[in-house]
Colleague: 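My questions will all concern the structure given below.
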Amino acid sequence: MDNSDRNNDKNVDFIRQIIAEDIKNGKHSAPVTRFPPEPNGFLHIGHAKSICLNFGIAEENNACCHLRFDDTNPSKEEAAYVESIKKDVQWLGYEWGDNLFFASDYFDRLYDYAVELIRQDKAYVCDLSAEEIREYRGTLTETGKESPYRNRAIEENIALFHEMKEGKFETGSHVLRAKIDMASPNLNMRDPVIYRILKVDHHRTGSKWCIYPMYDYTHCLSDAIEGITHSLCTLEFEDHRPLYDWFLDTLKTPCHPRQIEFARLNLTYTVMSKRKILQLVTGCHVTGWNDPRMLTISGLRRRGYTPASIRNFCSEIGIGKKESWIDMGVLENSVRNDLNDTAPRVMGVLDPLKVIITNYPPEESEEIEAQNHPQKPEMGTRRIPFSREIYIERSDFMEDPPKKFFRLGPGREVRLRYAYFITCVSVIKDKDTGVVREIHCTYDPTTYGGNAPDGRKVKGTIHWVSAAHALSCEVRLYDRLFAVENPDADKEVDFKEHLNTDSLTVLTNCLVEPSLRQTAAGTSLQFERQGYFCLDIEDSKPDHLVFNRTVGLRDSWAKAQG
RNA sequence: UGGGGGAUGGUCUAAUGGCAAGACAGCGGACUCUGACUCCGCUUAUCAAGGUUCGAAUCCUUGUCCCCCAGCCA
């Protein structure tokens with residue numbers, strides 16, 4: 001085996017290995033997976049990992065992945081979330097075809113299954129209060145006590161359960177419990193609640209039900225009803241697998257899917273739980289679910305992340321059972337890689353410094369041809385106006401530069417990208433503050449296009465815009481939302497204490513080349529030498545352009561400066 | 001102190017008894033009309049101790065550390 005064989009991509013994760021094995025030995029002809037979100041919030045990058053896994057496996061096997069909403073708790077769920085989740089999954093590039101389901105579609109069958117459980121003497125109606133149930137459950141080290149209602153007659157249980165369904169009892173007064181084992185070392189097996197009374201309207205079934213099934217009971221049966229072969233979930237459900245199997249072994253279901261657990265995604269400098277993300281939204285620490293600083297799918301989309309970059313990221317980080325922390329830099333790198341290939345290059349100045357080219361005729365201008373992507377000639381060219389007054393980046397000029405500074409300084413010559421060589425001849429400063437107001441340069445007309453006929457070289461090339469032609473715009477720079485790698489690390493300190501107060505910088509005096517006038521919202525561009533930006537899909541208007549910085553270019557000069 | 005999991009460079013992933021590999025990060029260099037991209041080179045790892053074996057990250061034993069579980073949430 002040579003190196004090219006050893007290092008190819010045949011290495012697949014343990015879940016795909018299991019599935020390949022099940023197909024090879026004929027257990028299944030094709031896998032059927034599912035992505036089962038609860039419609040109680042927006043999807044985030046952690047869900048993307050699961051989406052890419054489940055839909056990815058289906059795609060690779062020419063099979064189906066179901067989108068199933070786990071909507072068993074109407075007190076937390078809303079139809080609006082359903083729509084946002086569908087949009088996000090589609091945007092990521094996946095399709096569920098006809099396989100759109102809701103756990104609530106199965107409420108009738110779930111009820112019948114529960115009655116069957118009662119008939120088998122495997123479930124009972126319990127009148128204990130929530131607190132009493134907790135006390136009776138025991139602790140991690142002490143076994144539980146059996147409920148006094150555990151040995152009710154089967155017919156009585158059926159009647160009582162029916163009355164629960166008919167709304168005869170108050171919320172919290174009765175539950176249906178599976179009759180398993182109060183002495184089990186696995187707390188999930190100590191007669192878990194499978195139905196509770198909730199006098200709340202459901203976003204799909206309305207007021208039809210006042211009892212709702214619990215997750216453990218609903219999920220395995222929904223999987224079985226849909227013919228799921230492999231039910232992939234995160235590690236915290238490992239302890240629930242015996243219960244998942246117990247329901248399917250006890251009831252006569254069409255099939256018995258296999259639950260496999262994998263580690264959830266953790267990213268540095270962010271929080272991943274829906275509960276905490278909700279707090280950021282409701283506490284107005286961000287502007288909404290789609291704030292570009294958020295790692296929600298909608299936030300990433302608005303920030304300028306591409307579906308491909310997120311898919312690549314998910315495939316890069318792999319699937320395992322070890323809890324791991326992925327460096328935020330890996331995510332950033334994935335979008336840089338994708339946009340480097342696809343984003344057209346343009347010039348934009350974020351912090352403008354005026355330059356007057358003293359030997360250029362005052363009333364004249366000309367057009368310079370520029371490539372839209374230097375490595376991809378097929379992306380074409382555009383024309384950029386040039387004139388006597390231009391703006392450059394303030395950071396591209398230093399009055400007293402160190403020798404390694406390749407940009408503009410008194411007496412120094414640089415190239416204006418695609419245009420001319422210019423040499424700084426004088427610096428105009430504010431009398432009171434000493435701040436540089438403008439600089440005067442001369443240009444060499446023989447260097448049109450950026451090359452000197454005499455063959456002389458300049459080390460630096462800087463970007464610029466023509467003062468008379470540039471479009472003014474707003475640019476929003478984003479930094480990590482949190483100042484520390486793990487905002488959850490200290491249980492004594494609220495994670496919001498670690499919010500990065502400088503996560504958003506709004507620049508209002510930016511200038512971009514006039515070719516951007518008609519750019520469509522959401523378009524990604526590279527501002528040369530700076531980074532990737534996209535036109536904000538919420539706030540940008542034709543007369544007030546707003547760009548989001550998706551991610552900066554790598555900057556070895558800045559890094560060397562410390 | 002019950003049960004369920006997990007330990008491979010700074011980070012993530014692979015190697016499924018046979019040369020510890022790749023990516024990210026870091027460092028050095030080349031190239032460059034983007035201090036980008038690209039290319040080249042380098043540093044850094046099998047939790048510990050025993051055992052089985054010609055040979056162990058992998059199998060066995062013992063131990064250590066980390067995570068999850070006591071919702072009528074999912």
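By convention in this document, chain letters (A, B, ...) are assigned in the order of the sequence lines, proteins followed by strands, and residues within each chain are numbered from 1. The figures that follow rest on heavy atoms only: side chains count, while hydrogens, waters and symmetry mates do not.
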Colleague: Please measure how far the C1' atom in U13(B) lies from the corresponding atom in A57(B), and state the result in whole Å.
Modeller: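 So the two C1' atoms sit 14 Å from each other.
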Colleague: Quantified in whole Å, what is the C1' atom distance between nucleotide A45(B) and nucleotide A15(B)?
Modeller: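 Roughly 13 Å separates the two C1' atoms.
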Colleague: Classify the angle between the aromatic ring planes of His202(A) and Tyr212(A) as parallel (below 30°), tilted (30 to 60°) or perpendicular (above 60°).
Modeller: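 Rings of His202(A) and Tyr212(A): parallel, as their planes differ by under 30°.
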Colleague: Counting heavy atoms from C-beta on, name the nucleotide in C72(B), U34(B), C73(B) closest to the side chain of Arg529(A).
Modeller: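 Nucleotide nearest to Arg529(A)'s side chain: U34(B).
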Colleague: Among Glu323(A), His47(A), Glu236(A), which residue meets the side chain to side chain donor-acceptor pair (under 3.5 Å) test with Arg264(A)?
Modeller: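 Going through the options one by one, the only one that passes is Glu236(A).
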Colleague: Taking the side chain of Val330(A) as its heavy atoms from C-beta onward, which of A15(B), C24(B), A36(B) lies nearest to it?
Modeller: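 That would be C24(B).
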Colleague: Side chain of Gln375(A), base of A36(B): donor and acceptor closer than 3.5 Å?
Modeller: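 Under the 3.5 Å cut-off, the side chain and the base do form a donor-acceptor pair.
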Colleague: Answer with base, sugar-phosphate or nothing: what part of the nucleic acid does Leu140(A) contact at a heavy-atom distance below 4.0 Å?
Modeller: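 Counting heavy atoms under 4.0 Å across all strands, the contact made by Leu140(A) includes a base.
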Colleague: Considering only G4(B), G2(B), A70(B), which nucleotide approaches the side chain of Arg134(A) most closely?
Modeller: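 From the listed options, A70(B) comes nearest.
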Colleague: Mind telling me whether Phe107(A) and Trp209(A) have parallel, tilted or perpendicular rings, with 30° and 60° as the class edges?
Modeller: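 The arrangement is perpendicular - the two ring planes meet at more than 60°.
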Colleague: Remember a base hit wins even if backbone is also touched, and classify Lys559(A) as base, sugar-phosphate or nothing at under 4.0 Å, heavy atoms.
Modeller: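 Touches sugar-phosphate only.
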Colleague: Closer than 3.5 angstrom, by distance alone: can the side chain of Asn266(A) be matched with the main-chain N or O of Ser324(A) as a donor-acceptor pair?
Modeller: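 The answer is yes, because a donor-acceptor pair under 3.5 Å joins these two groups.
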Colleague: Roughly, in whole Å, what's the span from CZ in Arg554(A) to P in C31(B)?
Modeller: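 Computing the Arg554(A):CZ to C31(B):P distance gives 20 Å.
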Colleague: With respect to Phe69(A), which candidate in Phe35(A), Phe101(A), Phe102(A) satisfies the ring pair (Phe, Tyr, Trp, His ring centres under 6.0 Å) definition?
Modeller: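 Going through the options one by one, the only one that passes is Phe102(A).
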Colleague: Roughly how far apart, to the nearest Å, are C59(B) and A70(B) at atom C1'?
Modeller: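 About 37 Å, rounded to a whole number of Å.
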Colleague: If you only use heavy atoms from C-beta on, which nucleotide in G5(B), A74(B), A70(B) is closest to the side chain of Glu238(A)?
Modeller: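 Given the options G5(B), A74(B), A70(B), the side chain of Glu238(A) is closest to G5(B).
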Colleague: Suppose you measure atom P in C24(B) against the same atom in U64(B); what distance do you get, rounded to whole Å?
Modeller: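 Per the computed distance, 39 Å lies between those P atoms.
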Colleague: Measure from the side chain of Ser324(A), starting at C-beta and using heavy atoms only, and say which of U34(B), C12(B), G35(B) lies closest.
Modeller: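 The answer is C12(B), which lies nearest to the side chain.
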Colleague: Classify the side-chain pair His463(A)/Arg345(A) by whether it contains a donor and acceptor separated by less than 3.5 Å.
Modeller: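 No, Arg345(A) and His463(A) have no side-chain donor paired with an acceptor closer than 3.5 Å.
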Colleague: Taking the minimum atom-to-atom distance to the side chain of Leu187(A), which one of G2(B), A74(B), U32(B) wins?
Modeller: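 Shortest atom-to-atom distance from the side chain points to G2(B).
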Colleague: Report yes or no: is there a donor-acceptor pair, N or O only, under 3.5 Å between the side chain of Gln17(A) and the base of U16(B)?
Modeller: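 Check passes, donor-acceptor contact within cut-off.
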Colleague: Between Thr268(A) and U11(B), is there a contact of a side-chain N or O with OP1 or OP2 at under 4.0 Å?
Modeller: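 No, because none of the side-chain N or O atoms of Thr268(A) sits under 4.0 Å from OP1 or OP2 of U11(B).
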Colleague: If you measure from the P atom in G22(B) to the same atom in A14(B), how many Å do you get, rounded?
Modeller: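 About 16 Å, rounded to a whole number of Å.
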Colleague: What integer number of Å spans the P atoms of A49(B) and C27(B)?
Modeller: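 The answer is 33 Å between these two P atoms.
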Colleague: Any base atoms under 4.0 Å from Gly329(A), or only sugar-phosphate, or nothing? Heavy atoms, all strands.
Modeller: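 Gly329(A): no heavy atom of the nucleic acid under 4.0 Å.
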Colleague: Nearest to the side chain of Phe237(A) - G5(B), A74(B), A25(B)?
Modeller: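 The closest nucleotide is A74(B).
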Colleague: So Leu198(A), base contact, sugar-phosphate only, or nothing? Heavy-atom distance under 4.0 Å.
Modeller: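 It contacts nothing in the nucleic acid.
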Colleague: Within the structure shown, what part of the strands sits under 4.0 Å from Val175(A) by heavy-atom distance: base, sugar-phosphate, or nothing?
Modeller: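 Touches a base.
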Colleague: Would a line drawn from the ring center of Tyr217(A) to the ring center of Tyr113(A) be shorter than 6.0 Å?
Modeller: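 That pair fails the under 6.0 Å test.
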Colleague: Identify whether the glycosidic angle of G50(B) places it syn (within 90° of 0) or anti.
Modeller: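 Classified anti.
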Colleague: Base, sugar-phosphate, or nothing: which does Arg241(A) touch, judged by heavy atoms less than 4.0 Å apart?
Modeller: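 No contact.
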Colleague: Between Ser75(A) and Phe406(A), which residue's closest nucleotide on RNA chain B lies nearer the 5′ terminus?
Modeller: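 Mapping each residue to its closest nucleotide by heavy atoms, the 5'-most match is Phe406(A).
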Colleague: Looking at the rings of Tyr215(A) and Phe237(A), which for Trp means the six-membered one, are their centres under 6.0 Å apart?
Modeller: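 Between Phe237(A) and Tyr215(A), which both carry aromatic rings, the centre distance is below 6.0 Å.
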Colleague: For the pair Lys322(A) (side chain) and Ala263(A) (backbone), establish whether a donor and an acceptor sit closer than 3.5 Å, ignoring hydrogens and angles.
Modeller: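 No; zero donor-acceptor contacts below 3.5 Å.
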Colleague: Rounded to whole angstrom, note down the P distance from A7(B) over to U46(B).
Modeller: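 After rounding to an integer number of Å, I get 15 Å for this pair.
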Colleague: Less than 5.5 Å between centroids and less than 30° between ring planes, does Trp557(A) satisfy that with G35(B)?
Modeller: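 Aromatic stack with G35(B) present for Trp557(A).
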Colleague: Taking the C1' atom in each of A74(B) and C12(B), what is the distance between them to the nearest angstrom?
Modeller: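 Each nucleotide's C1' atom is 27 Å from the other's.
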Colleague: Pick base, sugar-phosphate or nothing for Asp239(A), based on heavy-atom distances below 4.0 Å to the nucleic acid.
Modeller: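 It contacts base atoms.
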Colleague: So Ile317(A), base contact, sugar-phosphate only, or nothing? Heavy-atom distance under 4.0 Å.
Modeller: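 Answer is sugar-phosphate: Ile317(A) comes under 4.0 Å of backbone atoms only.
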Colleague: Would you indicate what Ile211(A) reaches in the nucleic acid, counting non-hydrogen atoms under 4.0 angstrom: base, sugar-phosphate, or nothing?
Modeller: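 Here Ile211(A) touches no strand at all.
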Colleague: Considering every strand and a 4.0 Å limit on heavy-atom distances, what is the contact class for Asp216(A): base, sugar-phosphate, or nothing?
Modeller: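 Nothing, no heavy atom under 4.0 Å.
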Colleague: With a 4.0 Å limit, can you tell me whether Ser129(A) has a side-chain N or O closer than that to the phosphate oxygens OP1/OP2 of C72(B)?
Modeller: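 False: Ser129(A) side-chain N/O out of range (4.0 Å or more) of C72(B) OP1/OP2.
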Colleague: Do Gln526(A) and U34(B) share a donor-acceptor pair, side chain to base, under 3.5 Å?
Modeller: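 Under the 3.5 Å cut-off, the side chain and the base do form a donor-acceptor pair.
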Colleague: Measure from NZ or CZ of Arg480(A) to the centre of the six-membered ring of Tyr269(A) and say whether it is under 6.0 Å with the direction within 45° of the ring axis.
Modeller: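 Yes, Arg480(A) and Tyr269(A) form such a contact.
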Colleague: Using OP1 and OP2 only, check whether a side-chain N or O of Arg196(A) sits under 4.0 Å from A74(B).
Modeller: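 Yes, such a contact exists.
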Colleague: If you only use heavy atoms from C-beta on, which nucleotide in A74(B), U13(B), U1(B) is closest to the side chain of Lys322(A)?
Modeller: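 The answer is U13(B).
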Colleague: What's the closest nucleotide to the side chain of His240(A) if the choices are U32(B), A74(B), A70(B)?
Modeller: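 For the His240(A) side chain, the nearest candidate turns out to be A74(B).
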Colleague: Dot-bracket for RNA chain B, please. Rules: Watson-Crick or G-U, both distances under 3.5 Å, ( ) within the strand, [ ] when a pair crosses earlier ones, | for another strand, . otherwise.
Modeller: .((((((..((((....[..)))).(((((.......)))))....(((((..]....))))))))))).....
Colleague: Touch check for Thr139(A), heavy atoms < 4.0 angstrom, all strands: base, sugar-phosphate only, or nothing?
Modeller: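 Answer is base: heavy atoms of Thr139(A) come under 4.0 Å of a base.
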Colleague: Between C72(B), U34(B), A70(B), which nucleotide has the shortest distance from any of its atoms to the side chain of Arg345(A)?
Modeller: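 Among the listed nucleotides, the one closest to the side chain of Arg345(A) is U34(B).
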